[in-house]
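Fair warning: this is a prediction, and the values are worked out from it, not measured in the lab. By convention in this document, chain letters (A, B, ...) are assigned in the order of the sequence lines, proteins followed by strands, and residues within each chain are numbered from 1.
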Amino acid sequence: MARAYDVVAIEKKWQRRWADEGTYEVDVDDPRPPWYVLSMYPYPSGPAHMGHVRNYTFGDLLVRHRTMLGHAVLSPFGFDSFGLPAENAAIKTGTHPRIFTDARIAELKASVISLGAVYDWRREIRSHDPSYIKWNQVIFTSLLEAGLAYRATAPVNWCPGCQTVLANEQVLPDGTCERSGDLVIQRDLEQWFFRITDYADELLADLDELDWPERVKTMQRNWIGRSEGAEMDLAVVGQNLVDGEPLVLTVFTTRPDTSFGMTYAVVAPEHPLVDVLTTDEHRHQVDDVLSRAAISSEIERTAEGGGEAAKRGAFTGSYVRNPFTGQPVPVYVADYVLMGYGTGAIMAVPAEDARDWNFAKAYGLPFVRTVRPPEGWEEHGGPDGGPGGAYTGPGEKINSDWLNGLDIPEAKAKAIDWLEAEGIGVRKVNYRLRDWLVSRQRFWGCPIPVVYCPDHGIVPVPFDQLPVLAPDDVEFLPTGESPLATNEAFLNTTCPIDGGPAIRETDTMDTFVDSSWYFLRFCDPWNEDRPFDQDKVRHWMPVDQYIGGIEHAILHLLYARFYTKALADLGFAPEGLREPFDSLFTQGMIRMDGHKMSKSRGNLVAPSKYIETVGADALRLFHLFVGPPADDVDWTEQTDSVIDGCGRFLDRVWRLATGTDGNTPLRDGELTPEDMAVRRKTHLLIDKVTRDYERWSYNTAVAECMGFVNVLQPYVRGGGHAEVAAEAIDTLLLLLAPMTPHVTAEAWELRHGDHIHLRPWPLADPALAVVEQVTLVVQVNGKVRDRIEVSPDIGAEEAERLALESPRIVETLDGQAPKRVISRPPKLVNLVV
RNA sequence: GCCCGGGUGGCGGAAUGGCAGACGCGAUGGACUCAAAAUCCAUUGUCCGAAAGGGCGUGCGGGUUCGAGUCCCGCCCCGGGCACCA
């Protein structure tokens, strides 16, 4: 597509200037008020893809807009440079992950710059830099000393063929290894955890204060999953005694009020009592369930089995007594109960729990309703209007002896009081949130700085020996096994306490650890004495605006919040810093063929072909114009022509700004009514676009600018007033500057000689930003029957009078008097007859 | 399965409970041109009508309201996350 100006040359020129002049480098001594804008730092997967472009377009727009508003804007950039893809590439090609990663970083950095996004590159962070590794490890040892890091066993995906641990991503949907095709099994390993559950209540409570999208906060609340309920002991019926004590099965329930409806109990396949509970005649079926659970992921296990349901559970042969009814109920083992939640055992109440209902149906188990369902529930309360199943809504307690007649909250409280009085149960708050498993059996990550001494056990590597770095002379096996685990030189070390032989930890940290504090390091990336200086962090933090993909709604954002709180408690971060990100914006994804555009799906579209032709400005404008930033974008065969359309719009702006749009001379002298109309439109535009910027409605801001050009172009061609045209064009350039920084900078320089991005954001003159006439809609019974041009400050009675006098309304009413008149000046009058 | 979103012309989308479809893409017709490109002008939800005008229309079914794309209830379909991709 031929363009009105030399796009590539102009964009290169300004990118060089912003870098050379350090336009966007800021320090704590800057007199302007600080503002911290951060786009989530990327995993360097090669040249930027469209998701990056979208992310950095929004971020860069904010940096430039805030700068024009007079702030010292901290805009850093870095790379989340540890991770699986580099290790996989090493296994495939033999290239060291560092060589591979540094090359990808160079590509990504170049394409980010070519987008015209501006950063304080002096502050660049790479999580695989030894300096970052060092402070990452210092923080780890502090967490360990504070008791916030600990070791425990946890299952991993184990590929018997590769003899290695697999990431979930490497396990195919059918449960086999993507590399070898072997069936993946679950295997227990000793691993490192961070005690995020210590912060569960604070993580939950502090969400209320954050200026985050409601849906993200909701997802986090649900993820933390605080539920109040009870733990109770169910006596196992019969001869089972352990060390002379009667055997009890402890269950957790959020619905103690439904206890009278317990018709069976379920233990998780991993439950320690499974073996004791299982009688010989049922052992075969139970073992079947156990072995199936061992090879299933959690999602498969909790998914509805449908016809498979019969294979997912088995009767153990044992019974427990329902303490409320005194009746024995059978104990099943089933994979829909997870060992990691509650006590790993449940009382099953099919009438009031959907999963219990499905299981009970499949196994022919009885149900007893303890909450009266709504009228007609049994006939058509179910999906598609069929018979109702489990009823989980509110209602009156029934079939529950001394709880009958109460509502659910009352019955809950009374049931727990009774359990506590009887000494068989306690009130208990439970969280769905589990501690954070940070161990990874991989090479390309931050080594966990710990050694194992035969005499002293777990010993953190002392400060003066940090960072612990992985050796370079390693071989990557096609099985995917981490070379750290077998590297004798790395493995064998000495104990920091007694100097005797010791073994190094070979696990590395989850890359989410790296990304949990990088925003703090950005405040002070040069610090050689500590992770960051408290005063500098106090100056910039919390991040005023954080921007990233909705896919990070839970994990990354929750971990970063936890880390910030823990770092403050450990004394690294300022005491009062409890939250890292004041305001969060989650952009939508780019979709192609109905799926998220991602490298793993192989459906990436490279931005370079656009940057080299229509230019970065047009591509940025497209991303801003295509729809609301929070919505997903569908990349289709029509997208290219929309991007071209954005380029065409910039051409029109260029021709207007450079006076190359026809040769009609402009006027001087008195302003005509038409000139005044253009002035008013200019100031209304400032008002509208400013408000759109504030509410992240860039698509309508762009549309408004396009509409303005549609007015301005004929005005200038028709020989408009020189000063009015100049004001209009300058305003347009200023409003567009954060969106399309190159073309506006060049045009502004040609017009005024200075730098548009250092100019203040325009202000609307309230006397000019006024609408002169609005359309009053007149409806009869809600249908539009006339439109009348009125003054915007018309009163209700005047509007009603005008409506009733309108000839078209007189005709429509045909002599009837309206029964009711709704007058909402200046927009609408509705006559109800 | 659980949690969170979304569904409006041919397409992307706009619309503090008040004119549904701004703006753009595409399409059609026209101007300019030897011709094309570029540019500019006009039309463009759908049905009836020559027109004026009217009927219908925001995934489906109900409800609240003078008035519903917007609020409530119940569905259907599509997407994201589900703890080792980041």
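- Nucleotides B:G1 and B:C19 are separated by 46 Å at their C1' atoms, to the nearest Å.
- Across the protein-nucleic acid pair, A:N222 atom CG and B:C82 atom C1' stand 12 Å apart, rounded to whole Å.
- Rounded to the nearest Å, the gap between the C1' atom of B:G79 and that of B:U28 is 35 Å.
- As rounded to the nearest Å, B:G13 and B:G6 have C1' atoms that lie 14 Å from one another.
- Salt-bridge annotation for A:D644 and A:R648: absent, with no side-chain N of the basic residue lying under 4.0 Å from a carboxylate O of the acidic one.
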Atom pairs under 3.5 Å, N or O on each side, protein against nucleotides 52-57 of chain B: can you list them with distances?
from  : atom 1 : to     : atom 2 : distance (Å)
B:G55 : OP1    : A:R785 : NH2    : 3.4
B:C56 : OP2    : A:K783 : NZ     : 3.3

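- Under the Watson-Crick and G-U wobble criteria, each requiring two contacts below 3.5 Å, nucleotide B:G29 is paired to B:C41.
- The shortest distance between the side-chain N/O atoms of A:R440 and the OP1/OP2 oxygens of B:C84 is below 4.0 Å.
- Checking B:G21 for Watson-Crick or G-U wobble geometry (two distances, each under 3.5 Å) identifies no partner in any strand.
- Within the model, atoms CZ of A:R442 and CZ of A:F82 stand 13.5 Å from one another, a figure rounded to the nearest 0.5 Å.
- Whole-Å rounding puts the A:H556 NE2 to B:C85 P distance at 16 Å.
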Notebook entry, point to check: How would nucleotides 11-17 of chain B be written as a contact map, 5' to 3', with B for base contact, S for sugar-phosphate-only contact and - for no contact, using protein heavy atoms under 4.0 Å?
Noted result: BBSSS--
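- B:C84 atom C1' lies 11 Å from atom CG of A:L555, rounded to whole Å.
- On the P atoms, B:G53 is 16 Å away from B:G21, given to the nearest whole Å.
- A distance of about 10 Å separates the C1' atoms of B:G45 and B:U8, rounded to the whole Å.
- To the nearest 0.5 Å, the span separating CG on A:L203 from CZ on A:F562 amounts to 8.0 Å.
- Figure legend. B:G49 is base-paired to no nucleotide; pairs are counted as Watson-Crick or G-U wobble with both atom distances under 3.5 Å.
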